[in-house]
Amino acid sequence: MTRDETKQLLMRISSVYPNWKPQAELKYVVETWWEYLSEYTYNEMKMALKAYISTDTNGFAPAPGQLIGLLDRLGSRQEPNEMEAWSLVSNALRRSTYYAEAEFEKLPEIVQRAVGSPSMLRNWAQTDMQSIENVVQSNFMRTYRQEVSKNREKRKIPQDVLETLGQSAGRLIEDK
């Protein structure tokens, strides 16, 4: 998003929320909002704002984080749901006794993190079907939910902050 697009977004906010009066000068408001929203497209933020306004019942203007969170929940940058992820793993298990590495590489990165390693796929492939359908599936889905949650939190953090903080930012998210 450009600074001019940020101004347009702020104009939309102030037209719907006439009592919204930022305490800082307009140039600082624009600069601050642009800093937090620059990684997103204007259309993404416009749709997030539209969704926010359409569902708002409290009458308060949104903060940048609320729009980013709403955009994420609306699924513009979405990963497979738990059952879709398990279906991918279940299909990979069919060939993982001998081809675990190749099957692991085919999985999306977030599913790979939930599985852990190709050797885990191989171990699961050698397990009896009842254990896979009950224990393995349940454990995978719990781990996958945690990975999705971490992924969503990480996506909300601006890329330049992640690059500056490096590994410590990743640990911060995992500690939540």
Side-chain angles (χ1 to χ4, degrees), residues 1-2 5-6 9 32-56 61-96 99-125 127 131-176:
M1 216 164 91
T2 66
E5 291 170 335
T6 304
L9 189 71
T32 302
W33 276 71
W34 175 75
E35 182 178 345
Y36 292 106
L37 303 180
S38 62
E39 294 178 16
Y40 301 92
T41 68
Y42 177 67
N43 283 337
E44 285 176 321
M45 281 300 121
K46 191 168 81 170
M47 291 300 112
L49 179 62
K50 188 174 185 176
Y52 180 89
I53 291 169
S54 299
T55 59
D56 176 43
Q66 288 174 299
L67 294 179
I68 292 168
L70 185 55
L71 182 66
D72 191 61
R73 283 192 307 280
L74 291 173
S76 75
R77 300 167 180 203
Q78 197 173 55
E79 49 277 304
N81 68 37
E82 291 174 27
M83 285 309 294
E84 292 167 339
W86 174 250
S87 177
L88 294 171
V89 171
S90 181
N91 287 336
L93 290 177
R94 293 187 184 117
R95 293 177 24 104
S96 289
Y99 306 106
E101 289 82 9
E103 292 300 315
F104 185 80
E105 290 302 316
K106 292 178 189 176
L107 297 172
E109 181 183 344
I110 192 164
V111 176
Q112 287 179 353
R113 287 197 313 263
V115 169
S117 68
S119 63
M120 187 62 73
L121 267 183
R122 184 175 291 110
N123 289 342
W124 290 348
T127 305
S131 294
I132 288 173
E133 290 174 358
N134 295 324
V135 179
V136 174
Q137 180 181 8
S138 173
N139 289 340
F140 168 80
M141 291 174 98
R142 184 174 7 91
T143 303
Y144 183 74
R145 259 192 311 273
Q146 292 169 344
E147 288 297 326
V148 167
S149 179
K150 283 191 263 182
N151 211 32
R152 286 184 177 159
E153 287 300 313
K154 193 173 184 178
R155 274 198 310 255
K156 293 177 187 177
I157 299 173
Q159 193 61 38
D160 61 333
V161 172
L162 289 174
E163 289 169 2
T164 301
L165 296 178
Q167 294 298 323
S168 61
R171 285 192 305 274
L172 177 74
I173 291 167
E174 290 173 9
D175 290 343
K176 278 192 166 184

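Everything quoted here is computed from the prediction, not taken from an experiment. Side-chain atoms are counted along with the backbone in the values below, which use heavy atoms only and exclude waters and symmetry mates.
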Let me confirm one number: the [atom1]-[atom2] distance from [X] to [Y], rounded to the nearest 0.5 Å.
| X | Y | atom1 | atom2 | result |
| --- | --- | --- | --- | --- |
| L88 | N91 | CG | CG | 7.0 Å |
| T143 | E82 | OG1 | CD | 10.5 Å |
| T2 | L37 | OG1 | CG | 11.5 Å |
| E105 | Q112 | CD | CD | 5.5 Å |
| L70 | M47 | CG | CE | 11.5 Å |
| Y52 | L67 | OH | CG | 8.0 Å |

If you look at every heavy atom in [X] and [Y], which pair is closest and at what distance?
| X | Y | answer |
| --- | --- | --- |
| P62 | L49 | CG-CD1, 3.9 Å |
| M1 | T6 | CE-OG1, 3.3 Å |
| S38 | E35 | OG-O, 3.7 Å |

Side chain [X], main chain [Y], donor-acceptor under 3.5 Å:
| X | Y | answer |
| --- | --- | --- |
| Y36 | A63 | no |
| S96 | A92 | yes |
| S149 | R145 | no |

(request) Keeping to residues at least two apart or across chains, list the salt bridge (charged side-chain N to carboxylate O under 4.0 Å, His left out) pairs with something in residues 113-125. (result)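 For residues 113-125: E101-R122, E109-R113, R113-E147.
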(message) More than 12 heavy atoms of other residues, nucleotides or ligands under 6.0 Å from OH of Y99: yes or no?
(response)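 Result for OH/Y99: open.
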Minimum side-chain heavy-atom gap [X]-[Y] below 4.5 Å:
| X | Y | answer |
| --- | --- | --- |
| V89 | Y144 | no |
| L107 | L121 | yes |
| V135 | W124 | no |
| F140 | I132 | no |

(message) Taking the basic N atoms (NZ, or NE/NH1/NH2) and the acidic carboxylate oxygens, is any pair closer than 4.0 Å for E103 and K106?
(response)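 Yes, E103 and K106 are salt-bridged.
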